[in-house]
Chemist: 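Can you read through this structure? Questions will come right after.
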Amino acid sequence: MGVPQVDAATWSLTVEGLVAHPLRLDLEALHALPATRLTAFHECFGSPFAPDVPVRAVANVRWLGVPLARLLDDAAPHADAAHLWFEGVDHGTFRGTPDVRYLKDLPLETAYRDVLLAYAMNGAPLEPVHGFPVRAVVPRMFGTNSVKWLRRIVVSDTRPDHLFTTQLYNRRQPGSERPQPVREVDVNSLLVAPREEDDLAAGVLEVRGRAWSVTEVVAVEIAVDEGPWETARLDARGPEPTWQRFTLSRRFAPGRHRIRCRAHDRAGRVQPGPGSRNSVQEIVVQVRA
Ligand SMILES: Nc1nc2c(c(=O)[nH]1)N[C@H]1C(S)=C(S)[C@@H](COP(=O)(O)O)O[C@H]1N2
Ligand SMILES: [Mo]
């Protein structure tokens, strides 16, 4: 629905609904609260109309902001509160549906534990396109949950029935009967170098990439042509939900070569073959004599 131009001087964030103390904070009040840093991968789910198409639009981002827990402590949710609704400033027509506002929800305990209200990104104030002046950041979940241009948080005992909560951005996971909202990311990886259709000199080449999942990635394997899966060197994740670098140095003979990578996570999940949004990635390169 486009990038809203938010005036920081008049912007405010409210916390309302099932709370003992409704809050309204302006930017100055938010900046005055104790801030926390968070480094986390940030991955787009892709089009909700094509939930099985691989996108691999991912970054690793350093955020600065206020833990939502601090505001919830002040607001004091009622005992029957179970869900938080996050509402953005942006609204308009979305793919033919008029009067849509950007809205997502999370279980209260997840939001309490994880959500950061970020006002800076990679050491600079949040840019308009990334949610100025304040956005939610939900680590380990698809980007769609990290509501930009945040203006209202509603504490509720129900989930909101809305285009972006119960209609789009839902999918059936293997083993589950009903579609569930897209939240925790899948295990996934992508090749950074070489790139599709690169023209390379024969010899020892370094294959490099990034892997990420809701839990730590514990192994990445690389296969060249019809060869076996070879174990790549993989960085540990550390305490924060960041992506992990992997590398593999190996000899490439002249010719056209197919390179694939696949990640395994601590939960025992592995990237599947074609047909899923986290399918094993495959590129083709040309190696010269
Ligand atoms: N208010 C609002 N928040 C939003 C969106 C949006 O359209 N409006 N898009 C979501 C989606 S689908 C993604 S992938 C991320 C993208 O965040 P970025 O632009 O900082 O990469 O923002 C999410 N938050
Ligand atoms: Mo997205």
Side-chain angles (χ1 to χ4, degrees), residues 1-8 11-15 27 30 37-65 68 84-106 110-111 114-154 160 162-171 180-186 188 190 210 212 214 241-243 276-278:
M1 295 176 291
V3 174
Q5 295 304 314
V6 180
D7 178 5
W11 173 89
S12 67
L13 172 66
T14 60
V15 181
L27 196 54
L30 198 76
R37 283 172 207 287
L38 168 74
T39 303
F41 62 77
H42 180 52
E43 183 190 9
C44 177
F45 181 74
S47 168
F49 298 102
D52 298 327
V53 174
V55 195
R56 297 185 178 92
V58 62
N60 214 40
V61 181
R62 287 181 291 121
W63 304 104
L64 177 70
L68 175 58
L84 288 192
W85 306 8
F86 296 84
E87 192 182 278
V89 170
D90 48 335
H91 58 91
T93 298
F94 181 77
R95 296 271 197 120
T97 307
D99 293 326
V100 180
R101 187 172 283 283
Y102 200 84
L103 180 79
K104 300 296 293 187
D105 73 295
L106 286 174
T110 309
D114 290 338
V115 173
L116 187 70
L117 304 177
Y119 48 73
M121 173 180 163
N122 295 336
L126 211 53
E127 286 173 30
V129 71
H130 293 299
F132 177 86
V134 176
R135 75 179 299 167
V137 173
V138 191
R140 297 180 298 277
M141 290 195 189
F142 283 111
T144 174
N145 296 287
S146 293
V147 175
K148 303 193 270 191
W149 315 291
L150 191 62
R151 67 164 206 173
R152 198 152 81 109
I153 298 173
V154 179
H162 186 275
L163 185 63
F164 298 128
T165 59
T166 50
Q167 297 168 44
L168 300 178
Y169 290 112
N170 282 263
R171 60 172 174 174
Q180 302 287 339
V182 295
R183 289 186 176 144
E184 280 86 10
V185 302
D186 305 319
N188 212 338
L190 81 97
R210 304 284 186 275
W212 66 98
V214 59
T242 60
W243 68 19
S276 301
R277 70 171 304 293
N278 65 329

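All values below were derived from every heavy atom in this structure, side-chain atoms included, with hydrogens, water molecules and symmetry-related copies excluded. Counting starts at 1 for both ligands and their atoms, in listed order.
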Chemist: Taking ring-ring contact (aromatic ring centres under 6.0 Å, His included) as the definition, give me every residue that meets it alongside Phe86, ordered by chain and number, with sequence neighbours left out.
Modeler: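 If we apply the ring-ring contact (aromatic ring centres under 6.0 Å, His included) test to Phe86, skipping adjacent residues, there are no hits.
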Chemist: Does Asp114 pair with Arg140 as a salt bridge, N-O distance under 4.0 Å?
Modeler: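 Arg140 and Asp114: salt-bridged.
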Chemist: In terms of ring plane angle, is the pair Phe164 and Phe94 parallel, tilted or perpendicular, where the classes change at 30° and 60°?
Modeler: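 Because their plane-to-plane angle is over 60°, the rings of Phe164 and Phe94 count as perpendicular.
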Chemist: Side chains of Lys104 and Thr144 only: does a donor on one sit below 3.5 Å from an acceptor on the other?
Modeler: yes
Chemist: Under a 4.0 Å threshold between the charged nitrogen and the carboxylate oxygen, would Arg151 count as salt-bridged to Asp90?
Modeler: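 Here Asp90 does not pair with Arg151 in a salt bridge, since their nearest N and O are not under 4.0 Å apart.
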Chemist: Present, as a list of atom pairs with distances to 0.1 Å, all nitrogen or oxygen contacts under 3.5 Å between ligand 1 and the protein.
Modeler:
unit_1   : atom_1 : unit_2 : atom_2 : d
ligand 1 : 1 (N)  : Asp90  : OD1    : 2.8
ligand 1 : 1 (N)  : Asp90  : OD2    : 3.3
ligand 1 : 1 (N)  : Lys148 : O      : 3.0
ligand 1 : 3 (N)  : Lys148 : N      : 2.9
ligand 1 : 8 (N)  : Asp90  : OD2    : 2.7
ligand 1 : 17 (O) : His42  : NE2    : 3.1
ligand 1 : 17 (O) : Arg135 : NH2    : 3.2
ligand 1 : 19 (O) : Lys148 : NZ     : 2.5
ligand 1 : 20 (O) : His130 : ND1    : 2.7
ligand 1 : 20 (O) : Arg135 : NH1    : 2.6
ligand 1 : 21 (O) : His42  : NE2    : 3.3
ligand 1 : 22 (O) : Arg135 : NH2    : 3.4
ligand 1 : 24 (N) : Ser146 : O      : 2.9

Chemist: Tell me whether the guanidinium CZ or amine NZ of Arg277 lies under 6.0 angstrom from the six-membered ring centre of Phe45 and within 45° of its axis.
Modeler: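 Yes, Arg277 sits over the ring of Phe45.
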